[in-house]
J.: 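Just passing along the structure, written as structure tokens.
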There are 2 protein chains.
Amino acid sequence: MSATPTPTPSTDWLRLDQQICFSLNAASRAFGGLYRGILKDLGLTYPQYLVMLVLWEHGGLPVKKLGEHLRLDSGTLSPLLKRLEAAGLVRRERSARDERSVEVHLTEEGTALRERALEVPRRIAAATSFDVDEIRALRARLDELTVALDAAAEADAEAGA
Amino acid sequence: MSATPTPTPSTDWLRLDQQICFSLNAASRAFGGLYRGILKDLGLTYPQYLVMLVLWEHGGLPVKKLGEHLRLDSGTLSPLLKRLEAAGLVRRERSARDERSVEVHLTEEGTALRERALEVPRRIAAATSFDVDEIRALRARLDELTVALDAAAEADAEAGA
DNA sequence: AGCCATTTAGTTGTGCACAATTGAATTGTG
DNA sequence: CACAATTCAATTGTGCACAACTAAATGGCT
């Protein structure tokens, strides 16, 4: 071993402050903290809010479709939807024409909650201090990144298999 | 169904695809998936890898300092560090001069793991298809955002109190 | 029709994030 | 010194992410 490695030239690729993933993770959790405060009034967690957004936009959907919109699987959605159902915001019912599928519908209360949710994006936007174009550009960048990462993870998984 | 609300003009602020937080969250989870595959060889999860990065860079640290670097509290770190200890990568010992504090040190094995971790950033960078300057710019942007969000969450919390 | 691969939700188990609380050690103040 | 306030780690409890598996329903194929 001899003498601590400490190579740390200006290009130490293992430095935390050089890792994009850390900045991303930190920003994601900072958003989480802000949403937590704002959504508490609505009785929603952030992932629950995302589910409600999809339902408000598309109406009733099977769990599968919901998962495609949000990139989440039934392992995450099943318990989350149960909690939304317990809160009286959604109903879950087996599809008549395909008994495997469970369709998620808004209740009256769930539909009504949309009105109160309208102020959420405004409060969030106020917090970022970024203007609309900056947000759009950043979002586009991140989506590019996500596509590249998903493709790479896919390729990696297949190489490993 | 009495006419779905569907206000959806081109500025429906509740549309999922307009929300920066969703892109951020998606990118963060996409990174997670990629790291999961790469770090499996090292026997680390992504948060465990972050802890190891800090230890490789700074050497032994009390849990508190570790948490400041990573923005994590003892509720997250305590069990995580126990798992790293069980894996033989770190030792935890009460500080002699302040019995409240627990110092986390790398074991030989933990120090040695750094060599094998050197290829991780390379593999990640290859997956992003972004060049170094783009990454740097994106990271700077995200860090700005994080600062703004933390400040806003702080202000929000105080207003609520 | 009978059989089999696929699809769809749900369940189980592991690990992380975070709020709230506990308990011990330390520090500040009278 | 005594005692209140603070600091630090750990614990408890809730909820999310994801892998692996189960069970039921479906659709294709012979």
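Just so we're on the same page: letters track the sequence lines, and every chain starts at 1.
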J.: Could you tell me how far apart B:L70 (CG) and C:dG15 (P) are, to the nearest whole angstrom?
T.: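 For the pair B:L70 CG and C:dG15 P, the rounded distance is 19 Å.
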J.: Under 4.0 Å: is that the gap between some side-chain N or O of B:S74 and OP1 or OP2 of D:dA9?
T.: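 Negative; the distance criterion is not met.
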J.: Between A:E85 and A:R92, is there a side-chain N and carboxylate O pair less than 4.0 Å apart?
T.: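 Looking at A:R92 together with A:E85, the answer is yes, because their closest N to O distance falls below 4.0 Å.
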J.: Is a side-chain N or O of B:S28 found less than 3.5 angstrom from the main chain of B:L24, in a donor-acceptor match?
T.: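 Not a single qualifying donor-acceptor pair exists.
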J.: Give one of base, sugar-phosphate or nothing for B:L77, where a contact means two heavy atoms less than 4.0 Å apart.
T.: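 Here B:L77 touches no strand at all.
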J.: A side-chain contact here means heavy atoms from C-beta on lying under 4.5 Å apart; do B:E103 and B:L61 qualify?
T.: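 No, side chains not in contact.
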J.: What string of B, S and - do you get for nucleotides 3-8 of chain D 5' to 3' if you count protein non-hydrogen atoms under 4.0 Å?
T.: ----BS
J.: Partner of C:dG30 by Watson-Crick or G-U wobble geometry, both contacts under 3.5 Å, or none?
T.: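 C:dG30 is paired, partner D:dC1.
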J.: If you find the nucleotide of DNA chain D closest to B:T76 and the one closest to A:L80, which residue's nucleotide is nearer the 5' end?
T.: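 That would be B:T76.
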J.: Test your reading of the model: is there a side-chain donor-acceptor pair from A:S95 to the backbone of A:D98, 3.5 Å cut-off?
T.: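 Answer holds: yes.
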J.: Charged N to carboxylate O under 4.0 angstrom, B:E134 versus B:R136?
T.: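 Not counted as a salt bridge, because no side-chain N and carboxylate O are separated by less than 4.0 Å.
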J.: In this structure, how many angstroms lie between the C1' atom of D:dA10 and the CD atom of B:E85, rounded?
T.: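 So the CD-C1' distance, B:E85 to D:dA10, works out to 14 Å.
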J.: What residues from residues 25-47 of chain B pass a heavy-atom cutoff of under 4.0 Å to DNA chain D?
T.: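 Nucleic-acid contacts, sorted: B:R29, B:R36.
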J.: What integer distance in Å separates A:R97:CZ from C:dT8:P?
T.: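 In whole Å, C:dT8 P and A:R97 CZ are 14 Å from each other.
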J.: Go through C:dA17, D:dA9, C:dA9 for me and flag the one nearest to the B:R94 side chain.
T.: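 It is D:dA9.
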J.: Could you label the plane-to-plane angle of the A:W56 and A:Y49 rings as parallel, tilted or perpendicular, counting under 30° as parallel and over 60° as perpendicular?
T.: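 It falls in the perpendicular class, over 60°.
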J.: Do B:L89 and B:L118 belong to the same hydrophobic cluster, where Ile, Leu, Val, Met, Phe, Trp and Tyr are linked whenever their side-chain heavy atoms lie under 4.5 Å apart, directly or via other members?
T.: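 Both belong to a single hydrophobic cluster.
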J.: Ignoring the backbone of B:L72, work out which of D:dG15, C:dA9, C:dC18 is nearest its side chain.
T.: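 Between D:dG15, C:dA9, C:dC18, the one nearest the side chain of B:L72 would be C:dC18.
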J.: Kindly say if B:R92 contacts the phosphate of D:dA10, meaning a side-chain N or O under 4.0 Å from OP1 or OP2.
T.: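 For D:dA10, OP1/OP2 do have a side-chain N/O of B:R92 under 4.0 Å.
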J.: Quick one: B:L50 CG to C:dA17 C1', roughly how many Å, whole number?
T.: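 Value for this atom pair: 13 Å.
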J.: Measure CG/A:D73 against P/C:dT7 and give the value in whole Å, please.
T.: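 Interatomic distance, CG of A:D73 to P of C:dT7: 16 Å.
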J.: Hey, does the side chain of A:K82 come within less than 4.0 Å of C:dT11's phosphate (OP1/OP2), counting only N and O?
T.: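 For A:K82, the contact criterion (side-chain N or O under 4.0 Å from OP1 or OP2 of C:dT11) is met.
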J.: Could you tell me which non-hydrogen atom of B:F130 sits nearest to which non-hydrogen atom of A:R141, and how far apart they are?
T.: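 Closest approach of B:F130 to A:R141, heavy atoms only: CZ-O, 3.9 Å.
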J.: Charged N to carboxylate O below 4.0 Å: is that the case for A:R71 and A:D150?
T.: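 Judged by the 4.0 Å cut-off on N to carboxylate O distance, A:R71 and A:D150 do form a salt bridge.
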